[in-house]
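Report on the structure given below.
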Amino acid sequence: MASEEKIGQWITIAREGRVASVRFDRGDRLNALSVQLLRDLTETARRLREDVTVSAVVLYGPKVFSAGADLSDPDIAKRASASLLERREMLRAGPDMCDAWEALDQVTIAAIEGFCIGGGLALVSACDFRIAGRGAHFRLPEIPLGMNMSWHTQPRLVNLIGPSRAKQLTIFGERVPAQQAAEWGLVDELTEDGGAYAFARKWADKVAALPPVAVRMSKRGITEIATALNRAATFMDLDQFALASGSEDQREAVSAFLEKRPPHFTGR
């Protein structure tokens, strides 16, 4: 029997058989991740983790996956005037959300259309599989904007595509088309544009037809082997982000972007 559940303002969980489809939709062309949406995605993952009726989860946006963190969000703007201690707590929303999705014992499949940028890429790297439309692209703009890539993402990228490709994706901040992402191993399968969800759903149905306990144990075992050192490697990335985002270089990066000029970085 099919059912639907709303989580907050922007998330719908549709359950059918042993598959849950999670749609998050801000109602605009960016589908950016506000702080409230991060919290709602975290809550969604935590609810699903306790759901023994679900074997596979498909995560998708409407026409695009996500442009990443919503820099116009007032909750993000509050960080500028917060104390260091307060800012450290505010910055937990992103990594906590990604960790919650990685912690799911159900198989997670991200269906990606349009673009998947910054925090959106951090989220899909915490999932088990990524299915993308051929016209989609991926990008991490943090370093060109004077920030480091956090949200516990770097070791996940190394797990997926190796250290050299992870450096290329992270440091250059350039657009990576879906075909190239597939060649790197970031994307598992390509589809025609508009077909990512349907393809991801086919994979979810295959998972749902398998013995659920064996699937969960196997998924968890492989994840733990692949990510055994990830936590040790990222325990300070929140503090690194707090440091980088308060630098003169970060302010210069934003000013140059708004003024449409090349930035001049000094290391300050």
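Atoms considered below: every heavy atom in the structure, side chains included; atoms not considered: hydrogens, waters and symmetry mates. Just so it is clear, the structure is predicted and the values come from calculations on it, not from any experiment.
- Residues Glu16 and Arg201 are in side-chain contact: their nearest non-hydrogen atoms beyond the backbone lie under 4.5 Å apart.
- The hydrophobic clustering, which links ILVMFWY residues whose side-chain heavy atoms are closer than 4.5 Å, places Leu48 and Ile11 together.
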Worked verdict on Arg39 versus Glu43 for salt bridge (charged side-chain N to carboxylate O under 4.0 Å, His left out): CA-CA 6 Å; Arg39 292 172 179 155; Glu43 173 63 19; over 6 Å; no
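- In this model, a donor atom of one side chain and an acceptor atom of the other lie less than 3.5 Å apart for Asp128 and Thr108.
- Between the side chain of Glu113 and the backbone N or O of Gly194 there is at least one donor-acceptor pair closer than 3.5 Å.
- Across Ala226 and Asn159, no two heavy atoms sit closer than the pair O-ND2, 3.1 Å.
- Glu248 places no side-chain N or O within 3.5 Å of a backbone atom of Arg268 that could act as its donor or acceptor partner.
- For Asp51 and Thr53, the side-chain atoms include at least one donor-acceptor pair closer than 3.5 Å.
- Looking at Asp249, its side chain does come within 3.5 Å of a backbone N or O of Thr266 through a donor-acceptor pair.
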Full working for salt bridge (charged side-chain N to carboxylate O under 4.0 Å, His left out) between Arg165 and Glu183: CA-CA 11 Å; Arg165 295 301 191 193; Glu183 292 167 1; over 6 Å; no
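- Among all heavy-atom pairs drawn from Ala181 and Val176, the shortest one is N-CG1, 3.7 Å.
- Formation of a donor-acceptor pair under 3.5 Å by the Asn31 side chain with backbone atoms of Gly61 is not found in this model.
- Residue Glu50 places its CD atom among 12 or fewer non-hydrogen atoms of other residues, nucleotides or ligands, all under 6.0 Å distant.
- At least one donor-acceptor pair under 3.5 Å links the side chain of Arg26 to the backbone N or O of Ala32.
- Separating the CG atom in Leu157 from the CG atom in Leu140 is a distance of 6.5 Å, to the nearest 0.5 Å.
- In this structure, CG on Leu210 lies 13.0 Å from CZ on Arg216, to the nearest 0.5 angstrom.
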Audit row: Arg29, Val64, side-chain contact (heavy atoms from CB on, under 4.5 Å) steps and yes/no: CA-CA 7 Å; Arg29 63 185 180 85; Val64 300; 6.0 Å; no
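- Nearest heavy-atom pair, Leu91 versus Ala242, reported as atom, atom and distance to 0.1 Å: CD1-CB, 3.9 Å.
- Remark: the backbone N or O of Gly246 is paired with a side-chain donor or acceptor of Arg251 at under 3.5 angstrom.
- Taking 4.5 Å as the limit, every side-chain heavy atom of Phe257 sits out of range of all side-chain heavy atoms of Pro144.
- A perpendicular orientation is assigned to the rings of Phe24 and Phe65, their planes being inclined by more than 60° (bins at 30° and 60°).
- Separation of atoms OG (Ser245) and CD (Glu142) is listed at 11.5 Å; rounding is to 0.5 Å.
- What you find for Val19 and Ala208 is that their closest heavy atoms are CG2-CB, 3.8 Å.
- The shortest distance between side-chain heavy atoms of Ser66 and Leu33 falls below 4.5 Å.
- The main-chain N or O of Gln106 is found under 3.5 Å from a side-chain atom of Lys219 such that the two form a donor-acceptor pair.
- No side-chain donor-acceptor contact under 3.5 Å links Ser125 and Arg156.
- Note on Val187: it clusters hydrophobically with Ile161, by side-chain heavy-atom contacts below 4.5 Å among ILVMFWY residues.
- Side-chain contact annotation: Asp99 with His152, donor-acceptor N/O pair under 3.5 Å present.
- Linking Ile, Leu, Val, Met, Phe, Trp and Tyr whenever their side-chain heavy atoms come within less than 4.5 Å puts Ile112 and Leu37 in one cluster.
- Atom CD in Gln250 sits 13.0 Å away from atom CD1 in Ile143 (nearest 0.5 Å).
- Between the CZ atom of Arg175 and the NE2 atom of His137 there is a distance of 4.0 Å, given to the nearest 0.5 Å.
- Applying the side chain to side chain contact (heavy atoms under 4.5 Å, CB included) criterion to Lys78, with sequence neighbours excluded, gives Asp75, Met90.
- When only modelled atom types and interatomic distance are considered, Ser21 and Tyr197 share a side-chain donor-acceptor pair under 3.5 Å.
- Between Trp101 and Leu59, some side-chain heavy-atom pair lies under the 4.5 Å cut-off.
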Derivation of the side-chain contact (heavy atoms from CB on, under 4.5 Å) call for Arg18 and Val54: CA-CA 4 Å; Arg18 300 195 66 87; Val54 170; 5.9 Å; no
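- A donor-acceptor contact shorter than 3.5 Å is absent between the side chain of Arg130 and the backbone of Ala111.
- Val58 and Ile13 fall into different hydrophobic clusters, where Ile, Leu, Val, Met, Phe, Trp and Tyr are joined by side-chain heavy atoms under 4.5 Å apart, directly or via other members.
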Check against salt bridge (charged side-chain N to carboxylate O under 4.0 Å, His left out), Arg23 and Asp25: CA-CA 6 Å; Arg23 173 187 169 104; Asp25 183 3; 2.9 Å; yes
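- Residue Phe115 is not grouped with residue Leu41 when hydrophobic side chains (ILVMFWY) are merged at heavy-atom distances under 4.5 angstrom, including chains of intermediate members.
- Minimum heavy-atom separation, Gly94 to Trp151: CA-CE2, 3.4 Å.
- Side-chain atoms of Glu192 never come within 3.5 Å of backbone atoms of Gly133 as a donor-acceptor pair (strictly under, hydrogens ignored).
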Chi angles and distances behind the salt bridge (charged side-chain N to carboxylate O under 4.0 Å, His left out) call for Glu102, Arg220: CA-CA 10 Å; Glu102 187 176 72; Arg220 180 51 45 201; over 6 Å; no
Stepwise side-chain contact (heavy atoms from CB on, under 4.5 Å) check, Glu5 with Thr12: CA-CA 6 Å; Glu5 176 185 6; Thr12 304; over 6 Å; no
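- More than 12 heavy atoms of other residues, nucleotides or ligands shown are found within 6.0 angstrom of CZ on Phe265.
- At a threshold of 4.0 Å, the pair Arg261-Glu252 counts as salt-bridged, since one of the basic side-chain nitrogens sits closer than that to a carboxylate oxygen.
- Residues Val158 and Ala166 share a closest heavy-atom pair of CG2-CB, 4.0 Å.
- Asp239 pairs in a salt bridge (charged side-chain N to carboxylate O under 4.0 Å, His left out) with only one of the listed residues (Arg92, Arg88, Arg87), which is Arg88.
- Residues Glu86 and Ser83 have side chains that bring a donor and an acceptor to within less than 3.5 angstrom of each other.
- Note: Leu169 CG to Leu121 CG = 5.5 Å, rounded to the nearest 0.5 Å.
- Proximity of a side-chain donor or acceptor of Asp188 to a complementary backbone N or O of Ile131 within less than 3.5 Å is not detected.
- Note: Phe129 and Trp203 have perpendicular aromatic rings, judged against thresholds of 30 and 60 degrees for the angle between ring planes.
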side-chain contact (heavy atoms from CB on, under 4.5 Å) between Arg134 and Thr191, worked out: CA-CA 6 Å; Arg134 294 185 184 277; Thr191 72; over 6 Å; no
